[in-house]
Trainee: 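Got a structure for you, questions after.
Chain A is the first sequence line, chain B the second, and so forth, proteins listed ahead of strands; every chain is numbered from 1. What's counted below: heavy atoms across the whole structure, side chains too, no hydrogens, waters or symmetry copies.
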Amino acid sequence: MNGRLKSVGLALLAPAIAIVLSILVTTLVIAAVGSSPGEFWSTMFEVPKPRLRVDIVNQTAMIYIAAVAAAIGFRMGLFNIGLEGQYTIASFSAATFAGAAYLGGFANVAASLVVAMVVGAAWAGIAGVLRATRGVSEVISTIMLNAIAVTLVGYFLNNYGVKEGNSVHTKNLPSGTTLGGWSPFEDRDGDIWALAIVAVLVGVGFWALLNKTRFGFDLRASGQSESAALASGINPKRMIVISMMLSGAVAGLIWMPALFGGARNYGTSFQVGLGFLGIAVALLGRNRPIGMLFGALLFAFLSVKSNDLTFGTDVSPSIVQITQGVAVLAVVVTYEVVRRWRTRLEQRAVSRELTATTGATA
Amino acid sequence: MSAATAQRSTIVERLTKSWLYIGLIGIGVVSFVRIITDTDDLTGAGTIRAAIIATCPILAAALGGLWAERAGVVNIGLEGQMILGTWGAAFFTYHYGPWVGILGAALLGLVGGLLHAIATVTFGVDHIVSGVAINLIGAGAATYLAEAVFPEYEGGGPRQLNGLEAPAQVTIPGVSDLANTISDQHWFFVSDVASVIQALTTNISTLSLLIFALVIISALVLWRTSFGLRLRSCGENPQAAETLGVNVYLYKYVAVLISGALAGIGGGFLALVASSGFSTGQTGGRGYIGLAAMIFGNWRPGGLLAGALTFGYTDSLRLRDTQSVHSLLLLVAIGLLMFAAWRACRKQVKGALVVAAAGALVMAWFLLTDSVPREFTVMTPYVTTMFVLALGSQRLRMPAADGKSYRRGSAG
Amino acid sequence: MPSEVDAVQLRGIGKRFPGVVANHDVDVTIRPGTVHALIGENGAGKSTLMKILYGVQRPDDGTITIEGKQVVLKSPTEAIEAGVGMVFQHFMLADNLTVLENMVLGAEKLHGIGDGARTEIRRISERFGFDLDPDVLVEKLGVAARQRLEIAKVLYRGARIIILDEPTAVLVPQEVDALFENLRELKAAGNSVLFISHKLDEVLAIADDITVMRRGTTVGTADPATATKHELAELMVGSELPSPETEESTVTDTVQLSLSDVTLTDEFGRNLLTDLSLTIRRGEVLGIAGVEGNGQAELVETIMGMRIPTSGRIMLGDQDVTHWHTRQLREAGIGYIPEDRHRHGLLLDAPLWENRILGHQTRPPSSKGMWINRKGARKDTERIVADYDVRAPGIDTPSRALSGGNQQKLIVGREMSGDPVLLIASHPTRGVDVGAQAAIWDHIKRARRNGLAVLLVSADLDELIGLSDTIQVILRGRFVGTFDPSSVTPQDLGTAMTGGAA
């Protein structure tokens with residue numbers, strides 16, 4: 001029992017240090033440019049207004065989906081840096097499909113989600129196949145695919161999109177296929193999007209897949225030791241392609257809550273950068289379903305709450321990007337330190353155990 | 001002894017010669033395409049000038065990548081370090097003029113490199129993870145610092161700072177005029193070479209010259225000095241280096257710091273030379289393209305120069321008329337077919353067929369259309385890199401211990 | 001003291017790692033101009049001691065005296081300055097650099113990095129017959145040439161004391177002879193050589209003095225002129241000298257595994273395995289003897305489905321499994337004890353019970369259909385820990401924290417579970433303590449009595465002779481001789497292994 005408590009304590013130690021460190025750095029940066037850190041923190045830590053609370057939940061959902069997508073790759077030892085491109089092209093495809101209104105009502109929503117997942121999976125699959133067959137690092141290929149996806153979507157949008165003033169977007173969703181949400185406060189405070197529930201499903205699914213299924217075991221084993229996985233009968237190439245596609249499929253869902261919640265089309269309302277936030281949150285939450293939930297909530301809180309800074313303080317909202325970045329870097333560093341420390345502790349424990357049982361010196 | 005020396009010089013000769021031949025053939029083909037398609041813009045001095053400006057930041061980033069990876073540290077934080085560089089250049093130029101500005105760009109990039117070195121070398125954090133974090137921090141810091149500092153400056157706003165003094169430009173009077181005259185004749189080959197000379201001798205930024213010089217300096221330092229040998233040994237086999245008394249951590253630190261500084265200079269170039277001032281998000285992924293150029297160039301200075309020039313050239317054509325972009329298709333098609341023929345000569349039948357098929361496709365595209373959408377040129381560097389990686393991954397030779405975490409005392 | 005000052009004196013050296021005492025009370029004295037052999041079993045602490053003498057690791061206790069001067073070596077640089085050079089068992093060379101670059105690295109000040117260095121390399125190369133071209137990439141060199149390069153590297157730095165860690169492990173006999181010739185030259189030039197090995201024949205052939213290590217400490221010295229192999233072996237393993245006893249044959253008539261004309265070709269078209277044929281019956285242990293790197297690893301990986309043979313056929317029972325994948329083969333009842341347990345046998349950061357699942361993902365009690373059976377796996381891990389005497393605080397301990405012997409017992413227990421029909425055991429007792437070794441031998445023997453077919457690959461000839469029913473000798477990917485363990489001697493095997501008359 002004591003050991004278990006200790007290991008939980010150790011697990012929480014790293015994020016705690018990281019958060020303290022990022023608060024410290026943020027404070028220093030603010031002070032360095034001559035603003036008031038006190039004002040900043042008091043604004044940030046005020047209880048958010050209802051409208052912002054709704055926003056925070058919605059953002060948490062999308063960031064969490066992105067984090068799970070990243071974590072699927074990470075647990076397998078793959079760096080899917082390409083979430084950004086995968087969800088961009090998937091969101092565009094789904095929005096186009098939904099806008100074309102081949103189906104009505106809920107069927108249109110469901111089919112669009114499938115389109116998003118398939119397109120995301122296919123786009124990520126390119127990197128997976130290149131890695132498995134040609135040994136191309138997925139880091140480089142997904143970075144390239146990000147840029148290609150963004151440009152490609154730009155091309156299609158410019159040539160086939162609906163022009164409205166200066167902006168272009170895909171056709172609006174047919175009226176029957178936007179999903180309402182749940183409005184916990186007044187109507188003007190907005191809705192928690194219906195598809196935010198996708199985040200919950202994805203999270204539970206990820207947990208079950210990883211810890212309860214054979215596939216999840218194979219995935220984790222491949223991530224821990226490729227050579228041991230091979231010797232245990234896992235086909236590494238197949239695992240690379242499948243997990244890359246799985247990651248891409250989940251990535252395809254990232255923006256879906258917004259599309260069917262409020263955006264109604266792919267255009268200026270499309271939110272970029274969620275992919276990279278997802279990667280950051282996956283690192284922050286150590287690829288664990290619960291850890292990532294807290295990470296997503298923290299990041300969503302920082303991003304949304306920073307809007308308050310424009311009123312009342314002279315600190316610009318982009319400061320939270322520094323906070324987020326430092327938090328990620330600090331957390332990976334402290335995890336590494338804690339891990340080394342822990343390994344030493346464990347080895348000591350084992351040697352104590354041995355001396356106790358055998359009475360020998362070594 | 002003399003036999004071996006002779007042998008060595010022939011290797012050097014062979015290498016220089018083959019580069020020379022490839023260069024000459026390249027110019028010949030471009031010239032041929034220019035005349036066939038009647039697009040003088042393809043090698044007009046204006047285009048070359050734009051190409052040089054587009055090349056420089058990519059080249060600086062690629063060099064940054066080279067330094068870090070030769071010491072065994074993968075630095076995808078180049079993008080973030082470059083962004084920091086744009087801000088540093090703007091801030092220091094505003095206060096102290098362009099040369100201090102460039103130093104400032106290097107300094108800010110170096111700070112990004114320092115973060116990366118601390119995380120990857122001292123703490124053994126995964127290189128990619130650290131790089132991603134540094135890109136987040138770099139983008140955030142530059143945005144925040146710009147919003148916090150620049151609005152109060154003359155010509156500044158929360159997202160930009162204009163009216164910065166650029167580093168001096170140089171013109172070599174006689175050569176420049178002569179080259180101009182020849183270039184205007186539109187002769188086969190000769191005029192194309194003249195265009196290049198004209199662009200290099202007319203109003204060229206000293207910072208461009210500096211960055212090109214840095215390629216040569218890097219090559220010399222890395223391959224001709226004991227410092228460079230030690231640094232490269234850390235990327236090839238750090239355990240071996242340690243057993244021979246090389247302070248691996250120190251060399252990795254130095255390499256990553258230089259890497260960050262070079263990326264920062266690339267960012268500085270964007271703010272001071274490539275455009276009229278600083279603006280948020282100015283790098284537009286050039287750090288990544290730099291990385292791609294380095295891989296394209298097989299982790300070698302000459303190769304990455306070729307990569308950066310290729311990417312810079314396509315990038316510059318995008319800004320010019322669509323006609324010349326369309327002609328570029330023919331160029332690509334010819335290039336691919338030549339490459340296929342070369343592969344066929346080396347009996348790599350399957351590879352040759354794939355490349356030839358691609359060449360035929362591009363040729364068909366050229367013949368059947370009149371213009372190329374702007375977006376497709378934007379994609380060129382990325383698609384090219386994917387192709388190079390997919391087709392040539394066996395021929396690429398990255399440092400053997402690149403990207404691997406190294407702990408002191410792990411030798412033996 | 002006369003003019004002859006000892007080259008090296010190690011007194012009371014001790015080194016502790018978290019959880020292990022690697023060295024304690026180590027005393028070694030090397031006379032100048034001699035070849036001094038340091039012998040001991042794997043895991044006896046020889047390598048740690050060498051790293052201490054070369055400044056890679058610092059001792060917790062004791063003193064190092066080099067040529068009469070007591071020194072503290074904080075890094076290899078300081079060891080080099082003190083005149084100590086080391087050739088590691090795993091070569092410390094950068095493949096992508098040239099001979100010259102590898103040579104001058106870290107010693108650039110001596111002769112520069114250009115023609116001065118080139119001349120010096122040629123001088124050393126000619127003096128000792130190393131035959132090295134400075135401008136060739138190291139990746140183009142063969143094993144023996146790499147070793148000569150390593151020795152030349154040490155000489156280039158002016159070392160007078162040269163440590164060679166298991167230098168013959170990777171060499172063929174002719175190369176060993178050539179190496180010994182080089183060593184004699186070095187000795188003649190006034191250098192001292194510390195030669196680490198566990199191959200007694202070689203030690204007796206080259207050494208002037210012998211020091212024996214066991215369990216992290218020096219247990220005695222011997223004079224090669226008078227000592228016998230048996231005496232040395234007893235010193236190495238302690239008084240008990242465990243050796244597996246052959247039991248009465250349990251070989252049945254049922255063929256469990258048969259290979260016919262199996263050939264494996266690498267990507268450059270070279271044969272790694274050539275026309276290998278073998279059969280193993282139920283209740284039979286087939287031993288494979290050979291100098292490391294002669295195709296044993298490839299043979300095992302081919303049988304395990306990690307490589308697919310270029311031609312030939314593999315039958316498991318009466319099924320053709322030539323093109324089966326590893327998982328299918330494991331499901332069909334092949335247990336696998338890999339050569340390198342850290343790389344192929346364990347997930348080091350995963351708890352013991354998850355390591356129980358590894359390789360058995362698709363079979364009960366590890367899984368039920370698509371799902372992992374956590375409860376079943378944990379319960380069965382408890383059983384293995386108890387039955388195989390795996391010393392661990394609990395089944396939630398990560399396997400990294402276990403000692404080598406306990407890790408290996410866990411793997412043996414895992415691979416023996418689920419009633420395998422065939423066990424592929426690759427160096428099953430390498431790097432484990434004597435107690436674990438005996439236990440593992442017992443488990444293999446018991447399984448054999450119960451009708452298990454075993455393919456045993458080992459570098460330990462006593463182990464092979466003690467456990468096997470038949471021994472095949474492999475050389476350069478071919479079987480070059482079949483022996484009956486009841487009549488064969490290690491010397492006979494050694495001859496066959498090195499290509500002598502079989």
Side-chain angles (χ1 to χ4, degrees), chain A residues 1-4 6-7 10 75 77 135 207-239 286 335-336 339-362, chain C residues 16-22 24 45 215-216 300-301 304-306 325-331 334 336 338-350 354-355 357-362 366-374 377 391-394 396-398 400-403 406 433 435:
Chain A
M1 204 61 227
N2 187 22
R4 192 162 182 82
K6 207 159 133 191
S7 81
L10 279 175
R75 288 307 287 270
W207 174 81
L209 177 83
L210 220 54
N211 296 301
K212 297 288 161 192
T213 68
R214 263 167 42 188
F215 176 82
F217 183 89
D218 286 358
L219 188 126
R220 285 185 294 135
S222 308
Q224 286 183 41
S225 167
E226 213 177 310
S227 49
L230 178 69
S232 84
I234 297 167
N235 179 343
K237 292 185 173 172
R238 214 176 117 238
M239 283 303 291
R286 220 53 202 158
Y335 262 120
E336 191 60 32
R339 191 183 65 78
R340 286 178 194 174
W341 186 48
R342 201 170 176 168
T343 309
R344 268 212 299 282
L345 281 185
E346 272 157 0
Q347 278 172 342
R348 288 226 183 89
V350 169
S351 69
R352 255 204 314 277
E353 190 94 358
L354 282 180
T355 21
T357 51
T358 63
T361 47
Chain C
R16 287 173 293 274
F17 292 115
V20 211
V21 179
H24 63 98
R215 291 194 169 206
V300 166
E301 286 174 12
M304 283 311 298
M306 290 150 78
H325 189 255
T326 311
R327 173 158 289 169
Q328 288 170 287
L329 291 163
R330 279 179 164 280
E331 282 169 357
I334 303 188
Y336 176 37
E339 175 178 349
D340 183 339
R341 59 178 163 270
H342 284 187
R343 288 195 63 231
H344 294 112
L346 294 169
L347 300 174
L348 290 169
D349 289 316
E354 286 196 349
N355 274 290
I357 300 175
L358 189 70
H360 297 247
Q361 290 100 311
T362 52
S366 302
S367 63
K368 276 186 204 157
M370 286 286 292
W371 307 93
I372 288 291
N373 182 357
R374 184 187 159 101
R391 310 261 171 89
D396 288 309
T397 314
R400 184 188 293 284
L402 268 55
S403 73
N406 286 307
D433 55 286

Trainee: State, to 0.1 Å, how close C:Ile372 and A:Arg214 come at their nearest heavy-atom pair, and which atoms those are.
Mentor: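 Result for this residue pair: CG1-N, 3.8 Å.
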
Trainee: Please give me the minimum heavy-atom distance between C:Leu358 and A:Ala221, naming the atom from each residue.
Mentor: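 Between these two residues, the closest heavy atoms are CD1-CB, 4.1 Å.
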
Trainee: Please round to the nearest 0.5 Å and tell me the distance separating atom OG of C:Ser367 and atom CZ of A:Phe217.
Mentor: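 That separation rounds to 10.0 Å.
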
Trainee: Which bit of C:Arg343 comes within less than 4.5 Å of chain A, counting heavy atoms only: side chain, backbone, both or neither?
Mentor: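 Its backbone and side chain both get close to chain A.
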
Trainee: Closest approach of A:Ala231 and C:Thr326, non-hydrogen atoms and distance?
Mentor: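 Looks like O-CG2, 3.6 Å.
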
Trainee: Please give me the minimum heavy-atom distance between C:Gln361 and A:Asp218, naming the atom from each residue.
Mentor: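 Answer, listing the atom of C:Gln361 first, then A:Asp218: NE2-OD1, 2.9 Å.
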
Trainee: Go through C:Met306, C:His344, C:His325 and name the one with the most non-hydrogen pairs under 4.5 angstrom from chain A.
Mentor: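 Greatest number of close heavy-atom pairs with chain A: C:His344.
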
Trainee: Test side chain to side chain contact (heavy atoms under 4.5 Å, CB included) on C:Leu348 and A:Gln224 and set out the steps.
Mentor: CA-CA 8 Å; C:Leu348 290 169; A:Gln224 286 183 41; over 6 Å; no

Trainee: Is it the side chain or the backbone of C:Glu354 that comes within 4.5 Å of chain A heavy atoms, both, or neither?
Mentor: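 Contact with chain A: backbone and side chain both.
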
Trainee: For C:Leu329, which atoms come within 4.5 Å of any heavy atom of chain A: side chain, backbone, both, or neither?
Mentor: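 It is neither, since no heavy atom gets under 4.5 Å.
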
Trainee: So, for C:Gly359 and A:Ser232, which heavy atoms are closest and what is the spacing to 0.1 Å?
Mentor: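 Closest heavy-atom pair between C:Gly359 and A:Ser232: N-CB, 3.3 Å.
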
Trainee: Check whether C:Thr362 gets within reach of chain A through its side chain, its backbone, both or neither, counting any heavy atom under 4.5 Å.
Mentor: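 Looking at C:Thr362, backbone and side chain both touch chain A.
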
Trainee: Quick one: list whatever passes side chain to side chain donor-acceptor pair (under 3.5 Å) with A:Arg339, sequence neighbours left out.
Mentor: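 Per chain and number, A:Arg339 pairs via side chain to side chain donor-acceptor pair (under 3.5 Å) with A:Glu336.
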
Trainee: Please list, chain by chain and in numerical order, all residues satisfying salt bridge (charged side-chain N to carboxylate O under 4.0 Å, His left out) with A:Arg286, sequence neighbours excluded.
Mentor: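 Applying salt bridge (charged side-chain N to carboxylate O under 4.0 Å, His left out) to A:Arg286 gives none.
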
Trainee: Can you tell which part of C:Met370 gets under 4.5 Å to a heavy atom of chain A, answering side chain, backbone, both or neither?
Mentor: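 The backbone, not the side chain.
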
Trainee: Would the number of heavy atoms belonging to other residues, nucleotides or ligands and lying under 6.0 Å from CD of A:Glu226 be above 12?
Mentor: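 It does not: A:Glu226 CD has 12 such atoms or fewer within range.
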
Trainee: In this structure, are over 12 heavy atoms from other groups packed under 6.0 Å from A:Arg340 atom CZ?
Mentor: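 Result for CZ/A:Arg340: enclosed.
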
